[in-house]
2 protein chains.
Amino acid sequence: MQITLKDIARMADVAESTVSRALNDKPGVGKDTKRKILKIAQENNYRPNQLARGLAANKTNMIAVILSEMDSPGNIEIVKSIEKSADEKGYQIILCNTNNQEEKEKNYLSLLESNQVDGAIFIGGKLVGSHLLRASFSPKNNIVLVNRLAEENFFTSVLTDYSQGIFKAVKHLVGEGFKNIALICGHQNDLIEEEKISGYKLALREAGLEVKPELIFPTKADRQAGYDVFLDIIEKDVIPDAFISTRELTTIGLVEAIKMGGYFIPDDFAVVGYGDNILTSIIDPPLTVISEPVGKIANYSFEFLLKLINEKMNEQQIEVLTPELIIRESSISKYN
Amino acid sequence: MQITLKDIARMADVAESTVSRALNDKPGVGKDTKRKILKIAQENNYRPNQLARGLAANKTNMIAVILSEMDSPGNIEIVKSIEKSADEKGYQIILCNTNNQEEKEKNYLSLLESNQVDGAIFIGGKLVGSHLLRASFSPKNNIVLVNRLAEENFFTSVLTDYSQGIFKAVKHLVGEGFKNIALICGHQNDLIEEEKISGYKLALREAGLEVKPELIFPTKADRQAGYDVFLDIIEKDVIPDAFISTRELTTIGLVEAIKMGGYFIPDDFAVVGYGDNILTSIIDPPLTVISEPVGKIANYSFEFLLKLINEKMNEQQIEVLTPELIIRESSISKYN
DNA sequence: TTGTAGGCGTTATCAA
DNA sequence: TTGATAACGCCTACAA
């Protein structure tokens, strides 16, 4: 069995409270007493029981990182980055995956409400369930939302300006001379995707090009969906000369399908993908991508959460980060 | 504030213990009383405080997953898979990253010893620090080791037969007619890498080929190291005609360097990589890889841990899984 | 079937 | 500077 405060108290012949104070560097402990206590603790390899501590002090030094899906390389990068910062500040992270299920989100929210964690960072997630989130809005619940949109947002948030990202991509492709730019995106009910679509439309209009609804292809977010949609597309009447794909894995599938079909990128089809991760950098040809600043996202979100926990935040903060367009071979025009 | 057992007890006009029993489906509660209690709990959205529960019952329904590094796609897959199983069984996972630092491993071990988690799965990790682990070997500490080697191992473990994996790779390459097979591996002090090297040597000898120490290249495990080592190699006297690269990211870097140098795979150099992940499947050309059965690894490790927690394991179990060789273009011979 | 009471390992308050 | 004591929210004998 693990040694406890009580044991140390007995050994040092002092009260538990004194031991607690000594161990937590609180004032009001004699120098010698403190030294003696620390020595005993050290020798016996004392580890405070975090459960008891959490129960008594209402502070667990744990935060929940709640992912809407674990399949996005970008999100995993964010988690890694948060883990690093958290560790530096002495926080443990609990990794949760909701798989976009509202029910699970509710469960994980209870980690917060039962004081099991000091705060939570929600990464991604559809609008669905946001009323639940909203119900748990309270100064007591330290919540940071990452890339999660809602019509009304009371929460401290870190957002990516998706519209801007797609806008840049379209502008670039138009500049390269592409005329029929297709958008492979998510479904409209996803606010994030809706924003991307609006960026797409805006850029086309601004370039004086017609928005053709038949060039917008909503699909699921996985690799297979990207593959399948291309097979559909080449059967259609209007064949695009360029693609913008708004999700990471879908992009990969799309590229694979194009190549499998015997077509060349960018000669037959230009491609702008999503996410500057190892995947898009090693795929052949190297992909032009809209790149979320994952490092910054992680930093802001953890910093914000820390401020919330330490009650250093006096008003709602929303940080909007702009994605970059990283231009590589896949979108360089044959027209030039 | 969150509602507690006591509140429910008051509302239902019964004792706390009765509420506790009712909520935990324990026998000895009248049907009507139980119904009433459950109703109240439901209506008030009662969530037990897991800290208190953990403190009282010595059971937190949390397990720690301790990674030696977060950069391996294979390990991330294992984590995802464990998370899934854990969730199904009502367990939360705490994700920890030691970055191969002994000190951190020690810290995380204390999660176990302070009863903050019911068990821990260690994924990867050098031999370094294993004496620490050993010190915390006790029936009370539920620990499963994944792909972690040590001369003496008291722990329930899930291992990959690395030697066998490399053996298969060498045999395949020899069969394809390659004569100068280089090994890009980790340093000897890493037991896992040592095992891979032994598989390499064994296969060569068995094929009647000479083992040339100058064809074994220990490097770091990252992408850059794979890139750099190739640049070194082509300056040397003995130029290999095939590479086996034993780590995931190193493999990627190696392939990039080869292509950047203007060489072709497999015409100039055959390559067998490590890890059947999305990376090795999309890289051009598709890579022949030694593939760890990550799904199985995750399943075994979680199942073992569950057994340990529920005291259903009566002796040390060690499961050794054999990697597969997945043959794709990168190792098909020009000699054929 | 139900209630009482003690305890899990801390922290925090108030006296001494 | 110290110590006693009451929380924190829950579980579990044991008694009724």
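The chains referred to below are lettered A, B, ... by the order of the sequence lines, with proteins before strands, and numbering in each begins at 1.
- Protein atom CG of A/Leu111 is 16 Å distant from nucleotide atom C1' of D/dG9, rounded to whole Å.
- Taking every heavy atom of residues 28-42 of chain A and every atom of DNA chain C, no pair lies under 4.0 Å.
- Take A/Phe304 and apply the ring pair (Phe, Tyr, Trp, His ring centres under 6.0 Å) test, not counting sequence neighbours, and it matches A/Tyr300.
- If you take CG of B/Leu55 and P of C/dT10, they are 9 Å apart, rounded to a whole angstrom.
- A donor-acceptor pair is defined here as one N or O able to donate and one able to accept, closer than 3.5 Å; no such pair exists between the side chain of A/Asn147 and the backbone of A/Leu159.
- Using a distance-only test at 3.5 Å, with no hydrogens or angles considered, a donor-acceptor pair links the side chain of A/Asn310 to the main chain of A/Leu306.
- Atom-to-atom, CD1 of A/Ile8 to P of C/dT11 comes out at 11 Å; the value is rounded to the nearest Å.
- In this structure, CG of B/Asn49 is placed 8 Å from C1' of D/dC10, rounded to the nearest angstrom.
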Pairs under 3.5 angstrom only: tabulate donor-acceptor contacts from the side chains of residues 46-55 of chain B to other protein residues two or more places apart or in another chain.
from    : atom 1 : to       : atom 2 : distance (Å)
B/Arg47 : NH2    : B/Asn45  : OD1    : 3.4
B/Asn49 : OD1    : B/Leu51  : N      : 2.7
B/Asn49 : OD1    : B/Ala52  : N      : 3.1
B/Asn49 : ND2    : A/Ser114 : O      : 3.3
B/Arg53 : NH2    : B/Asn24  : OD1    : 2.9

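- Both A/Asp13 and B/Leu51 lie near DNA chain D, and the one whose nearest nucleotide falls closer to the 5' end is A/Asp13.
- Between the side chains of B/Asn107 and B/Ser110, no donor-acceptor pair of N or O atoms lies under 3.5 Å.
- The separation between A/Lys6 atom NZ and D/dT5 atom P is 14 Å, rounded to whole Å.
- Two residues are said to be in side-chain contact when any heavy atoms from C-beta on lie closer than 4.5 Å; A/Ile82 and A/Val79 fail this criterion.
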Which pairs of donor and acceptor atoms, one on a side chain in residues 63-74 of chain A, lie under 3.5 Å apart (sequence neighbours left out)?
from    : atom 1 : to       : atom 2 : distance (Å)
A/Ser68 : OG     : A/Ile123 : O      : 3.4
A/Ser68 : OG     : A/Gly125 : N      : 3.2
A/Asp71 : OD1    : B/Lys80  : NZ     : 3.1
A/Ser72 : OG     : A/Gly74  : N      : 3.3
A/Ser72 : OG     : A/Asn75  : N      : 3.1
A/Ser72 : OG     : A/Glu248 : OE1    : 2.5

I'd like to compare against my own output: the B/S/- annotation of nucleotides 11-16 of chain D with a strict under-4.0 Å heavy-atom distance to protein. SBB---
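- Distance A/Leu23 CG to C/dT10 P: 9 Å, rounded to the nearest Å.
- Atom CD in B/Gln116 sits about 15 Å away from atom C1' in C/dC8, given to the nearest Å.
- For residues 15-30 of chain B, the set of pairs meeting the salt bridge (charged side-chain N to carboxylate O under 4.0 Å, His left out) definition, not counting sequence neighbours, comprises B/Asp25-B/Lys34.
- A/Asp7 comes within 4.0 angstrom of nothing in the nucleic acid, heavy atoms only.
- Between the side chains of A/Asn61 and A/Gln92, no donor-acceptor pair is found at a separation under 3.5 Å.
- Between the P atom of C/dT4 and the CZ atom of B/Arg10 lies a distance of 15 Å, rounded to the nearest Å.
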